[in-house]
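Below is one structure, written out as structure tokens, with a few remarks after it.
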Amino acid sequence: MLVLVTGATGKVGRAFISRLRRETTAPDIRALCHNRRLPEDDGLSVVVGSIADRAVCREAMRGATHVVHLATCKETPDEVMDVTVKGLFWLLEEFRQSPDARRFVLIGGDAAVGHFFHRHPAPITEDAPHMAYPGCYALSKVLEEVMVEQYGIQYGIDWCCLRAPWIMEADDFRYSLSFGDDVFGGPDWKTMVPQDLAERSRREGAVPLLQEADGTPLKRNFVHVDDLVEAIVLALTAPAARQRLYNISMDEPVDYGAVAEHLARTRGLPATLVRAPYVSNWMDNSRAKAELGWRPAYDLRRLIDSAWDYVRPADEPRRVWYPG
């Protein structure tokens, strides 16, 4: 077994490789790296280049039995089609023609079903229609899912897609709630309230209590990187995962009202009301539980407490945000 990992130096890639190598009989791993590199050693080889280059994809795929495709782009129109369409196309072309290929695992995102931009009438299952919101990133997540599904129809390849919401690790969740310039990801809370209120919120360590237009606390989907990694490990070889899409998320979405209540009670933190035109949604993870035997270890309390209890090493750089 030789597992090719694209986007190997990112948050999920590093965590997945580390987790896989803890297996008693760990498979060989090949990392496809572009801007950053991993150190090679026994069991971990590296191919350097862009997946938009077919020759790079051919070299990376040589002898690989499984692919975990994590490489993606942010909201970068000049690059997104080269990576998410052209790059995925070349990977799939090499995969379908390889005599060694067994399973192609794509890590998708809830941007493909509208995230908190489009309201769904019921919990979002894997049968929900694609609904990209404005911008190239959400469109790219739709195109990725469609491409792997169509390669299954066209050529019978064994694919699996794990659709994840926003992926958290370490203190990501804490900084996703910051009113300062150190906010991790979006929304950028300080731009959504008057300047004096934003400054007071930053100074007091307040957290945003995000509300829908009618004042209802918003519910948004998250997943911890450790839970996603466990799902990837299962999806690599589970017979049931052939040509299947799975929502990989917490059992319940994060309720911003419940977050504010928990932090007020346990940390004495105030909350600042932020009303926005976003909508609540609930990703249903029942299929992954039933077919993969997967269970998320993180609930709301653990997600919050682990982020606030995390002590960032002095030499640890500020985290870079990648949407999805």
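Below, each value reflects all heavy atoms present in this structure, side chains not excepted, and no hydrogens, waters or symmetry copies.
In this structure Glu126 satisfies the salt bridge (charged side-chain N to carboxylate O under 4.0 Å, His left out) test together with Arg287, sequence neighbours excluded. By the salt bridge (charged side-chain N to carboxylate O under 4.0 Å, His left out) test, Arg267 pairs with Asp305, Asp309, sequence neighbours left out. Partners of Arg220 by side chain to side chain contact (heavy atoms under 4.5 Å, CB included), not counting sequence neighbours, listed by chain and number: His115, Phe116, Trp166, Pro187, Leu218, Phe222, Tyr256. For Arg102, the salt bridge (charged side-chain N to carboxylate O under 4.0 Å, His left out) test picks out no residue, with sequence neighbours left out. Here Val142 pairs with Ala112, His130, Ala132, Val146 under the side chain to side chain contact (heavy atoms under 4.5 Å, CB included) rule; sequence neighbours left out.
Neither side chain, Asn247 nor Ser249, offers a donor N or O lying under 3.5 Å from an acceptor on the other. Side-chain contact annotation: Asn281 with Asn221, donor-acceptor N/O pair under 3.5 Å absent. Using modelled atom types and a 3.5 Å distance limit, the side chains of His69 and Thr6 yield a donor-acceptor pair. Remark: the Glu169 side chain and the Tyr310 side chain contain no N/O donor-acceptor pair separated by less than 3.5 Å. Counted by atom type alone, Thr216 and Asp214 present one or more donor-acceptor pairs between their side chains at under 3.5 Å.
With salt bridges taken as basic N to acidic carboxylate O contacts below 4.0 Å, one links Glu94 and Arg54.
Contact of the Val274 side chain with the Trp189 side chain is registered, since non-hydrogen atoms from C-beta on lie closer than 4.5 Å. Contact annotation: the side chain of Val193 approaches that of Phe179 to within less than 4.5 Å [non-hydrogen atoms, C-beta and beyond]. Side-chain contact between Lys86 and Phe89: absent, with no pair of heavy atoms (C-beta onward) separated by less than 4.5 Å.
Side chain of Asp299 to backbone of Arg302: a donor-acceptor contact under 3.5 angstrom is found. Judged purely by atom type and a 3.5 angstrom limit, Arg202 has no side-chain atom pairing as donor or acceptor with the backbone of Ser178.
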Evaluate the ring-ring contact (aromatic ring centres under 6.0 Å, His included) criterion for residues Phe184 and Tyr175: first the C-alpha distance (whole Å), next the side-chain angles of each, then the deciding distance (0.1 Å), finally the verdict.
-> CA-CA 5 Å; Phe184 179 71; Tyr175 284 92; 8.4 Å; no

Side-chain donor-acceptor contacts of residues 232-244 below 3.5 Å, not counting sequence neighbours, with atom names and distances?
unit_1: Arg242; atom_1: NH2; unit_2: Gly156; atom_2: O; d: 3.2
unit_1: Gln243; atom_1: NE2; unit_2: Ile157; atom_2: O; d: 2.9
unit_1: Arg244; atom_1: NE; unit_2: Glu291; atom_2: OE1; d: 3.2
unit_1: Arg244; atom_1: NH2; unit_2: Glu291; atom_2: OE2; d: 2.6

